[in-house]
Amino acid sequence: MLRKLLFLTAALVAAAGLVFWLLTMPRPLDESVLAGTEPGDPVRGERMYFAGGCASCHASPEAEGVEGELGGGLVLTTDFGAFVAPNISPHPQDGIGDWSEMDFANAMLRGISPEGNHYYPAYPYTSYARMEVQDVRDIFAYLKSLPPVEGRADSHKIAFPFTLRRGIGLWKRLYLSAEPVVTFPEGTPENVLRGRYLVEGPGHCGECHTPRNFIGGLKLGQWLEGGPAAEGEGRVPGITPDEDGIGFWSEGDIAYFLESGFTPDFDSVGGAMVAVQKNMARLPAEDRESIAAYLKAIGQ
Amino acid sequence: MKRLLITLSVVLLSCAAASAQEDPVAVRKALMQANAASAGAASAMMRGEMDYNPAVALAALATFRAVSLSVGSFFPEGSDSGETRASPRIWEDMAGFQQEIADFQADAAAAREAAGREGPADLAAFQSMVEPVLAHCNSCHETYRTEN
């Protein structure tokens, strides 16, 4: 009897392990996703690079002022531990110089490393997952045109149980989706849809401006309503078009803020948003106008 | 009469000084609001919402200069609580904070001097003078102000 029970327990544990293993398995893209897109164009890629704010995290902190040196090293200190942005310069050993386009697409759209491991979602691939494959290829081409930087950034300092990366597979089942957050009716103006793409995809605005639950998933029901900062003190302001957000800002005010860093009251941008705004200032005016149009259109 | 006026202004000035000591947060906020109003006027001209006027440009540049010289004095130890978004980093790194202010002072002084007695001759001249000054807003707020 006891033997039978032991056997049964062992079988159950093994079955549970198998289910966990299957559920958490990284699910890379199909090789065919590149078909039907053009080879990456670094000129278009530069625009996406600024829309995506890659440098805000991946620029070498000591290389301040030197544009385009993406040696990594910035530390994001959160409740889950300290995440260190890696080197994404085209250095063959220390950066992403040896990556294939599929490696890069899997990193951006599925949060999977070339070795097939899950990345921590401090890297905002849950937003990047909404990007077009073409734009991803273009960013890759642009990154390849930047100077290689030697040296690897430190490794993350994470506490158990978050050290078990495999578990991120479950988390991805809950939170990784290429579907847009906000659905608009047929006939919605093109610039609003373009703004949705920029905000929800490359711009990854929701990663800071939307509150998170206790396992770090975005509360999509409170999209862009603001919440406690993931890092340290303070709150991230809401940017919805109502009195809790930026309801009194016009579309022109939003676009001008992204261009100049001044609010309608001529308060200036501050904190982590400074780096974001500087990237937004590098976009063509039509992109800032699209973002503004989207931010005024949500929840209407 | 003259003596009365002098006495009165001395009294008023010392009142101002006293309230500055009691409530440095209110004073530095008022100084920042003066900067904001000047930035608003500068921006309105640069965006073409208001015709260029050298006197307005000069008022903005003179304000930036005056604020740059004074605002650093209103962050004493212990003024990090209450209705303020001043970041604790100011008092953790007072030397770095004062350096930011010194940089702001240098650019504000250069702009004010370039503007001369009459103010910058045209919008392009004003723009080239004021932009380096405005860049100090976010460079200081990036590190030394909290967002909420």
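Throughout, a chain's letter reflects where its sequence line sits, starting with A, and its residues are numbered from 1.
At most 12 heavy atoms of other shown residues, nucleotides or ligands fall within 6.0 angstrom of atom CD in E118(B). No more than 12 heavy atoms of other residues, nucleotides or ligands sit less than 6.0 Å from atom CG of D79(A). Residue E113(B) places its CD atom among 12 or fewer non-hydrogen atoms of other residues, nucleotides or ligands, all under 6.0 Å distant. The number of heavy atoms from other shown groups lying within 6.0 Å of CD (E150(A)) does not exceed 12.
Residues of residues 189-222 of chain A never come within less than 4.5 angstrom of chain B, heavy atom to heavy atom.
Contact record, H141(B) with V269(A): CB-O, 3.5 Å, taken as the closest heavy-atom pair. Taking each heavy atom of R145(B) and S268(A) in turn, the nearest pair found is NH2-O, 2.7 Å.
The residue among L134(B), N138(B), N35(B) with the most heavy atom pairs within less than 4.5 Å of chain A is N138(B).
By the 4.5 Å heavy-atom criterion applied to side chains, C137(B) and F262(A) are counted as neighbours.
The distance from the CZ atom of R47(B) to the OG atom of S260(A) is 7.0 Å, given to the nearest 0.5 Å.
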